[in-house]
Colleague: 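Before anything else, here's the structure in question.
Here the structure is a predicted model, which means the values were calculated and not measured. Each residue takes its place number in the sequence, starting with 1.
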Amino acid sequence: MASDEQREWVDFGQRSGLRCHRVSIGAMRLPQDDDAAVALMRQAIDAGMIYIDTCRCYGDSELKVGKSLKNGYREKVILSTKWSPWIKRIEESDDTSAECTYRRIVESIERLQVDYLDFYQVWSINSGENFRHATEKGGMLDGIRRAVDEGLVRHIGFTTHAAPDDVSRFIEEADWCEAILFTYNILNQRYKEMVAKAHEHGIATIVMNPVAGGILAEDSPVIKEATGLDDLVEYAHRYLAADTNVDTILCGISKPSDITSTLMNYTKSPLTPAECDRMEQVARKLSKEGMGFCTTCGYCKPCPQSLNIPGIMHVAYLDRLLRCPEAARNHYSWVRGEDGMSDAGRCKECGDCEPRCPQHLPIIDEMRYVAKKFK
């Protein structure tokens with residue numbers, strides 16, 4: 001039986017030469033108050049959570065992380081931030097050029113008030129086109145490499161939501177990559193094989209959404225009945241702890257109990273292979289495919305009103321089928337967008353999408369449902 005220390009600390013891939021705790025800091029939703037955010041960050045670091053994932057576009061996260069790394073804390077952590085112009089332009093002129101990327105790196109270093117970054121990641125390489133723009137001559141990767149040459153960045157990685165086949169190709173081609181951030185949890189095993197492949201290539205594997213974007217933390221009667229479990233979060237952590245291809249998970253911290261409860265779960269025994277198999281079977285039944293719902297194939301697009309139909313359908317799945325209203329509300333806030341361009345209430349019920357749906361789903365009814373429920 002492995003000791004607690006053996007279970008909780010691992011190599012952060014082979015390429016980086018670093019080691020980390022199996023639980024790391026997700027700094028997307030820090031407390032609004034600066035002092036509270038600093039105290040929380042330091043509580044996590046003192047507990048061993050030394051890898052920090054932040055982003056230029058997580059509001060003031062970089063600023064708060066920077067304040068927390070004063071007084072000797074910078075030397076204790078593996079600090080990572082990220083950005084890409086296809087997700088968020090800081091200035092209208094932002095593009096995928098090396099020059100623009102270098103500027104964004106310098107800006108993040110200034111916001112974090114540090115001398116260097118341990119990792120800089122290309123944020124959300126979600127398609128082959130993204131990968132090409134990031135890696136072509138004079139592109140983002142060249143900008144990051146310039147920062148590496150100047151001592152501003154020590155390691156390079158990327159995050160992804162791309163199709164698994166595309167991710168497989170990225171892994172094979174990206175000899176420069178030292179870490180990848182994936183979505184992976186009991187309810188979403190889409191990248192399980194890609195996590196294993198990255199691990200085999202010596203790339204550090206980082207998991208976001210370990211509790212399925214908060215779904216498993218909600219009191220869903222549907223999920224509880226299907227699993228027969230009360231503490232779904234504990235099982236979610238123990239499920240990932242059983243996968244030795246996962247180096248570390250991101251724990252999004254907004255209060256002290258986020259830290260203590262997650263670390264406590266990682267002191268418990270990982271699920272057995274039989275328990276993992278059972279949970280995966282349950283997850284398949286609860287999936288959109290298992291419930292005969294929208295599989296996000298995208299055949300419904302384009303919408304004449306430019307609505308993100310698959311995204312809105314996912315909101316309906318979370319709320320109506322899984323009975324997770326808070327997760328649904330949070331997802332809808334992201335899908336809807338700051339400009340409200342993908343508000344379900346903008347649906348004109350033209351019916352253009354429904355004939356293209358392979359499952360013949362009542363898309364218009366689901367648009368009405370989401371618009372009314374989350375008005």
Colleague: Between the main-chain N or O of K67 and the side-chain N or O of Y73, is there a donor-acceptor pair closer than 3.5 Å?
Modeller: no
Colleague: State the CZ-CH2 distance between R89 and W83, to the nearest 0.5 angstrom.
Modeller: 9.0 Å
Colleague: Please report the closest heavy-atom contact between S80 and Q121, naming both atoms and the distance.
Modeller: OG-OE1, 3.6 Å
Colleague: Which pair of heavy atoms, one from V207 and one from L181, lies closest together, and at what distance?
Modeller: C-CD1, 4.0 Å
Colleague: Nearest 0.5 angstrom please: M194 CE to K192 NZ, how far?
Modeller: 12.5 Å
Colleague: Side chains of K88 and Y58: do they bring a donor and an acceptor to under 3.5 Å?
Modeller: no
Colleague: Charged N to carboxylate O below 4.0 Å: is that the case for E172 and R169?
Modeller: no
Colleague: Mind checking the CD1-OG1 spacing from I125 to T159? Nearest 0.5 Å is all I need.
Modeller: 7.5 Å
Colleague: Would you mind reporting whether P31 and L40 have side-chain heavy atoms less than 4.5 Å apart?
Modeller: yes
Colleague: Would you call the rings of W176 and F158 parallel, tilted or perpendicular, taking 30° and 60° as the class edges?
Modeller: tilted
Colleague: Can you check whether N308's main-chain N or O pairs, donor with acceptor, with S342's side chain at less than 3.5 Å?
Modeller: yes
Colleague: Is there a donor-acceptor pair closer than 3.5 Å between any side-chain N or O of Q189 and the backbone N or O of I186?
Modeller: yes
Colleague: Between CZ of R145 and OG1 of T101, what distance do you get to the nearest 0.5 Å?
Modeller: 12.5 Å
Colleague: Within the distance-only criterion (no hydrogens, no angle test), does the side chain of N265 pair as donor or acceptor with the backbone N or O of T262 below 3.5 angstrom?
Modeller: no
Colleague: Going by atom types alone, do Y239 and N185 pair a side-chain donor with an acceptor below 3.5 Å?
Modeller: no
Colleague: When you check the side-chain N and O atoms of D247 and Y51, is any donor under 3.5 Å from an acceptor?
Modeller: no
Colleague: Would R190 count as a cation-pi partner of F182, with NZ or CZ less than 6.0 Å from the six-membered ring centre and within 45° of the ring normal?
Modeller: no
Colleague: I'd like to know if R132 pairs up with E173 as an ion pair, taking the criterion as any Lys NZ or Arg NE/NH1/NH2 lying under 4.0 Å from an Asp or Glu carboxylate oxygen.
Modeller: no
Colleague: Check the side chains of K268 and H237 for a donor-acceptor pair under 3.5 angstrom, ignoring hydrogens and angles.
Modeller: no
Colleague: In the structure I gave you, are the side-chain heavy atoms of H199 and V195 within less than 4.5 Å of one another anywhere?
Modeller: no
Colleague: Decide whether I90 and Y120 are clustered together by the hydrophobic rule: side chain heavy atoms of Ile, Leu, Val, Met, Phe, Trp, Tyr closer than 4.5 Å, transitively.
Modeller: yes
Colleague: I want to check something: taking the side chain as every heavy atom from C-beta on, are F170 and C177 in contact at a cut-off of under 4.5 Å?
Modeller: no
Colleague: Which atoms form the tightest heavy-atom contact between L322 and S220, and what is the distance?
Modeller: O-OG, 2.5 Å
Colleague: Can you confirm whether K76 is buried at NZ, in the sense that more than 12 heavy atoms of other residues, nucleotides or ligands lie under 6.0 Å from that atom?
Modeller: yes
Colleague: Stepwise, does the side chain to side chain contact (heavy atoms under 4.5 Å, CB included) test hold for F12 with R19?
Modeller: CA-CA 5 Å; F12 195 56; R19 284 179 63 80; 5.8 Å; no
Colleague: Given the rule that I, L, V, M, F, W and Y join up when any side-chain heavy atoms are under 4.5 Å apart, are L216 and L321 in one cluster?
Modeller: yes
Colleague: Linking I/L/V/M/F/W/Y whenever their side-chain heavy atoms sit closer than 4.5 Å, directly or via other members, would L63 and L112 fall into one cluster?
Modeller: no
Colleague: Could you tell me which non-hydrogen atom of A47 sits nearest to which non-hydrogen atom of L263, and how far apart they are?
Modeller: CB-CD1, 3.5 Å
Colleague: R346 side chain to Q305 main-chain N or O, any donor-acceptor pair under 3.5 Å?
Modeller: yes
Colleague: Could you check E107 against R103 for salt bridge (charged side-chain N to carboxylate O under 4.0 Å, His left out), going step by step and ending with a plain yes or no?
Modeller: CA-CA 6 Å; E107 179 187 48; R103 285 202 309 271; over 6 Å; no
Colleague: If you count the non-hydrogen atoms of other residues, nucleotides and ligands that lie under 6.0 Å from CG in D339, is the total more than 12?
Modeller: yes
Colleague: For E218, is there any backbone N or O sitting under 3.5 Å from a side-chain donor or acceptor partner on E326?
Modeller: no
Colleague: Any Lys/Arg nitrogen of K82 or D53 sitting under 4.0 Å from an Asp/Glu carboxylate oxygen of the other?
Modeller: yes
Colleague: I want to check something: taking the side chain as every heavy atom from C-beta on, are W86 and V122 in contact at a cut-off of under 4.5 Å?
Modeller: yes
Colleague: Just verifying a value: how many Å separate M208 CE and S24 OG, rounded to the nearest 0.5 Å?
Modeller: 13.5 Å
Colleague: With side chains defined as the heavy atoms from C-beta onward, is the minimum distance between N209 and N188 less than 4.5 Å?
Modeller: no
Colleague: Should the pair R15-D175 be classified as a salt bridge under the 4.0 Å nitrogen-to-oxygen rule?
Modeller: no
Colleague: State, without any angle test, whether E178 and S16 hold a side-chain donor-acceptor pair at a distance under 3.5 Å.
Modeller: no
Colleague: More than 12 foreign heavy atoms under 6.0 Å from NZ of K224: is that the case here?
Modeller: yes
Colleague: Between R284 and E289, is the closest basic N to carboxylate O distance under 4.0 Å?
Modeller: no
Colleague: So, are K255 and D258 salt-bridged, with charged N and O less than 4.0 Å apart?
Modeller: yes
Colleague: Nearest 0.5 Å, please: how far is CG in L307 from CE in M313?
Modeller: 12.5 Å
Colleague: Would Y116 and L69 show up in the same hydrophobic cluster when neighbours are defined by side-chain heavy atoms closer than 4.5 Å?
Modeller: no
Colleague: Could you report the tightest heavy-atom contact between I50 and C20, atom names first, then the distance?
Modeller: CD1-CA, 4.3 Å
Colleague: Mind checking whether H331 and L318 have side chains closer than 4.5 Å, heavy atoms only?
Modeller: yes
Colleague: Transitively linked via ILVMFWY side-chain contacts under 4.5 Å: V77 with V38?
Modeller: no
Colleague: For the CD atom on E99, are there more than 12 heavy atoms of other groups (residues, nucleotides or ligands in this structure) within a distance under 6.0 Å?
Modeller: no
Colleague: Which heavy-atom pair separates C276 from A242 by the least distance, and what is that distance?
Modeller: SG-CB, 3.8 Å
Colleague: So, the side chain of R56 versus the backbone of T81: is there a donor-acceptor pair under 3.5 Å, distance only?
Modeller: no
Colleague: Can you tell me if R74 has over 12 outside heavy atoms packed within less than 6.0 Å of its CZ?
Modeller: yes
Colleague: Indicate whether any N or O donor in one side chain lies under 3.5 Å from an N or O acceptor in the other, for S124 and S84.
Modeller: no
Colleague: Any carboxylate oxygen within less than 4.0 angstrom of a Lys/Arg side-chain nitrogen, looking at K197 and E193?
Modeller: no
Colleague: Is atom CD of Q32 surrounded by more than 12 heavy atoms (other residues, nucleotides or ligands) closer than 6.0 Å?
Modeller: no
Colleague: Taking the side chain as every heavy atom from C-beta outward, state whether E280 and D277 have any pair of such atoms under 4.5 Å apart.
Modeller: yes
Colleague: Look at D60 together with R111 and state whether they make a salt bridge at an N to O cut-off of under 4.0 Å.
Modeller: no
Colleague: Kindly say whether M264 contributes a backbone atom to a donor-acceptor pair with the side chain of T267 at under 3.5 angstrom?
Modeller: yes
Colleague: So does R323 have more than 12 non-hydrogen atoms from other groups sitting under 6.0 Å from CZ?
Modeller: no
Colleague: Less than 4.5 Å apart, side chain to side chain, heavy atoms only: is that true for E150 and Y102?
Modeller: yes
Colleague: For the residue pair Y332 and D343, confirm or rule out a side-chain donor-acceptor distance under 3.5 Å.
Modeller: yes
Colleague: Cationic tip of R22 within the cone over Y266's six-membered ring, i.e. under 6.0 Å and within 45° of the normal?
Modeller: no
Colleague: Would you find a donor on one side and an acceptor on the other, under 3.5 Å apart, between the side chain of Y317 and the backbone of T295?
Modeller: no
Colleague: Should R42 and K70 be marked as a side chain to side chain contact (heavy atoms under 4.5 Å, CB included) after you check the CA-CA gap, both sets of side-chain angles, and the distance that decides it?
Modeller: CA-CA 10 Å; R42 291 181 176 178; K70 300 293 185 183; 3.8 Å; yes
Colleague: Counting only N and O atoms by type, is there a donor-acceptor contact under 3.5 Å from the side chain of E349 to the main-chain atoms of I364?
Modeller: no
